[in-house]
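Residue numbers begin at 1 in each chain, while the letters A, B, ... track the order of the sequences. Nothing here was measured: the structure is a model prediction, and the numbers come from that model.
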Amino acid sequence: MSAAGAGRKAPQLRSLMPWLVLAFLVWLVGYPLLVVAAEAFGIGSPGGGGPTTEAFRSFFTRADEWNAMWRTLWISVLSTLAAAAIGVPLGFLFERNEIPGRRLLGALVALPVALPPLVGVIAFLFLYGESGLAARGLQSLGLDVSWRLTGAWAILLVHAYSMYVYFYLFTRAGLSGQDGAAIEAAQSLGASRSQILFRVTLPRLRPALAGATLLTFMTSLGSFSAPYIFGGGFRVMTTQIVASKLNGELRMAYVETTMLALLAFASLLLLRKIDPGLDLASGARGTPPARRRLRSQGARIASAAGGWVLAGVLLLPHATLILMSLVPPNTWTVEAFPPVLGLVNYGDLLSSTERLRPALNSIWMAAAATLAAVVVGVMAARLSLRRGGLPGRALEAMMTLPWAIPGTVFALALAAAMSVNAPWVGRFVLVGTLWILPLAYLVRSLPLTGRSIFAGLRQLDPRLEEAAASLGAGSLRTVLQIVLPLLRPAVIAGAGLAFITMLGDFVTSIVLYTYDTRPISIEIQSSLRIQETGIAAAYGVLLMVLSAVAFIAWDDRAGGRL
Amino acid sequence: MTASGVSVRFDDVFKAFDDTVVLAGVSLTVDPGEIFALLGPSGSGKTTMLRLLAGFEQLDRGRLLIADEAVEHLPPARRGVGMLFQSYALFPHLSVAENVAFGLKVRGGGQGETEARVAEMLELVRLSGFEQRRIAELSGGQQQRVALARALAPRPRVLLLDEPLSNLDPALREETRADLRRTVKQTGITTVLVTHEQEEAFELGERIGLLNEGGLEQVGGPAALYRDPASRFVATFVGRCSVLPGVVLERHDDSELTVRLESQPEAEPWRCRGSGELGVGDRVDVCARPEALELATDGGSGLVGRIEAERFTGSNSFYTVRLATRSDEAESRSPAGLAVEVAMPGTAAGRSGTCAVRQLAGEPPPSAFAAAGTESEP
């Protein structure tokens, strides 16, 4: 039979596919990390002599290096605590109480999650900076106040302000998944409200809180925009790495990169321990308890007012950003409030191709990286789940790895690995070309698309593929007509998140951009540097709008999964 | 539209997952046009047999033949096998008509031909007019019928049904069962069905293969399995029966024995069926169906016991009788004493107290098997 010959050949290629995809992922994700660690020891660097631990020795003996490491750690711990202190009560407030405007307010409060960190940071600068709106307002009231928003406290403030959303969202999700019957059971057994909170509700919230802690801590560990803009002389590891690279101390930068990667790994392993693993909230799924309705009219009005004030405070920086973008250049000097408002900056931005270039760059690079991440994600997920075993687990690990590693680390790793022409060891000169940024964006997109595609594919009934096969469909037809259409929500969810994140990327871009590929974030930074605050703000608003559009489209298509 | 059925043959099929043997050399022939039910507890290997036949699993040893042609090396798409999945596995993003048409379009059928076949299939399962419905808009029973139409549309040679009714409400099952049987019979296709429910196997299957631990215990019609079980496992898995220890007193012919019941040796011995391998003096387990026994108030030569519970089902009353144990031997084999279930016709409820259990003349006699522990365990 002729089919027998074809049938024998196909399985060979099929069994080779996982290894090919795995090899690509290892080259893209794992290999640069190894190169940067090797070069930190002076191995493999061009004309760098023999292996040496000299750079590591100076890392461990120089106080500023040690300080950066130590600061990164405690800033992350305090940021997590502060974010939890804001996010968890907010989550309880909106999930367990019926207050007027709850749905709209609840969504507004979650908005910062969709905004690029750099936008939040400059919005903060414009509002609370030393010559920001708040300072000017107070001074115009005759108060002789002046402050400098800089150093550790400034970073902490910005972190708490932007990262509470993780705790807020996780708390709400955790609470909405809890069974109200358990609370009623506790009540009928005579438990008081505080006993119920500490013995029933909070213990079952532990998986959600563990997840939020992990996310917040790791985000804070890799945070770059806030320490870069507000840190001043206060350096954390990410800013220290970039400073070393700019100073030409490459080997020291590689050592720092290696140390930060190790710190991230160690933190991940440690934080995994607090996660109970099994979802305690699951098991018997029930209806969440009814929201408490405030009895008196006064209390309802007070709670609504309080909620709106809170949302106002949380969203004030972004409003300030919009305001600043409307201030024409050189029109605001000593007044408390800008005297002239207009669309000059936007006109400026849209009329010149040179000004518009960064926006187009950001869009195409984010889109290309997202598309590639979806294709790689679908292939890896299918191969991993079908094949299982060692290659299956390795595929998933490679897809997830970039999530655990700060963006700065990957930027440096790619810069190190792809600046040497040595094709026989898988190294090509890509730094300085058009390709390096999209490639870096791809690496950072992989965990975002991968996570949702893996989850989507795990939920797909494997019998569907068998049904298609038994009806005579080949594997290509099965993928195109059955798997991909059904995976669409998962693909859109992952792609939307990846696109938004890459659109506003600052941390990888600042290490790897070229003039021709400069993205929005770099343009914002250089505008700020030459005091063109109006233009910087207009770019920030543009980024905000693009992200919001992508976020809304994504949230809509993904069926409001978040 | 009756298709002439083809035969299906498993020839010494062996299958293991890692170190667990799931099928230990199973041989079975399904006749052309027959509805064959594979019945067995979970883990007995019945679903594996179905998945091997569909091509979703590869066998380790043996052969698989459809219409006398070896198919074990063919991919699922080329076996000409239609399958109705337990979860139905309907494509949720396609309409009813698109689901049914899927297998036809794959084969490159023309537009008109495909539409005609889809209409024919939907009429067969009484879902004409549902063409444009979404899958999520259908009830469980309707989904099951769409899945059946989809499986039959490309004119497969063999139809496989994997627990076809287990996803339905119990109230709906009986009606759907008759429906399914009628539809399948109408097409005349050779059908292999997997189920763990005896009732389902009995009503749908013309013949039944009872699987246990990777081997076929017995193959036969429903009546043969019930009246003449080949092993103690068959007797206890199919229908209800009480197991009583006994010793063979006499052999009459190839299949008839007289057995003294050990719990009450002075009671009248029972007439039993048993294989020719059992000899006088052998210890046996007697498996008695409740309807083959009766309750007598006069005591006399029956087994003496106390009525412990009564279960009234409408057409029968089932009595659980705890037998008085009178021998040390029986005591050691069942320390809690023995319970026997007896069915009495009609609504004669309200019996209680001491009674006697006797064999009912005219019913097939109980079956005797070599006592557990005396035969070599598989």
Please list all pairs meeting salt bridge (Lys or Arg N to Asp or Glu O under 4.0 Å) that have one or both residues in residues 459-476 of chain A, counting only residues at least two apart or in different chains.
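As it turns out, the salt bridge (Lys or Arg N to Asp or Glu O under 4.0 Å) pairs with a partner in residues 459-476 of chain A, which skip direct neighbours, are A/Arg382-A/Glu465, A/Arg386-A/Glu465, A/Arg463-A/Glu466, A/Glu466-B/Arg51.
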
Show, in sequence, the C-alpha distance, side-chain angles and deciding distance for B/Glu98 and B/Lys105, and conclude whether the salt bridge (Lys or Arg N to Asp or Glu O under 4.0 Å) test is met.
CA-CA 9 Å; B/Glu98 287 167 333; B/Lys105 287 195 180 140; 5.7 Å; no

Under a 4.0 Å threshold between the charged nitrogen and the carboxylate oxygen, would B/Glu137 count as salt-bridged to B/Arg134?
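Looking at B/Arg134 and B/Glu137, the cut-off is not met.
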
Check ion pair B/Arg173-B/Glu197 (N to O, under 4.0 angstrom):
yes

Looking only at heavy atoms and a cut-off of under 4.5 Å, which of [options] has the most pairs with chain A?
{"options": "B/Ser87, B/Ala151, B/Ala89", "value": "B/Ala89"}
{"options": "B/Arg79, B/His73, B/Arg150", "value": "B/Arg150"}
{"options": "B/Arg107, B/Gln86, B/Met83", "value": "B/Arg107"}

Please state whether the side chain, the backbone, both or neither of [X] comes within less than 4.5 Å of a heavy atom of chain A.
{"X": "B/Leu90", "answer": "backbone"}
{"X": "B/Phe85", "answer": "side chain"}
{"X": "B/Pro154", "answer": "side chain"}

Sort out for me which of A/Ala468, A/Gly474, A/Ala467 touches chain B most, counting heavy-atom pairs under 4.5 Å.
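Ranked by contacts with chain B, first place is A/Ala467.
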
Backbone of A/Gln481 reached by a side-chain donor or acceptor of B/His93 within 3.5 Å:
yes

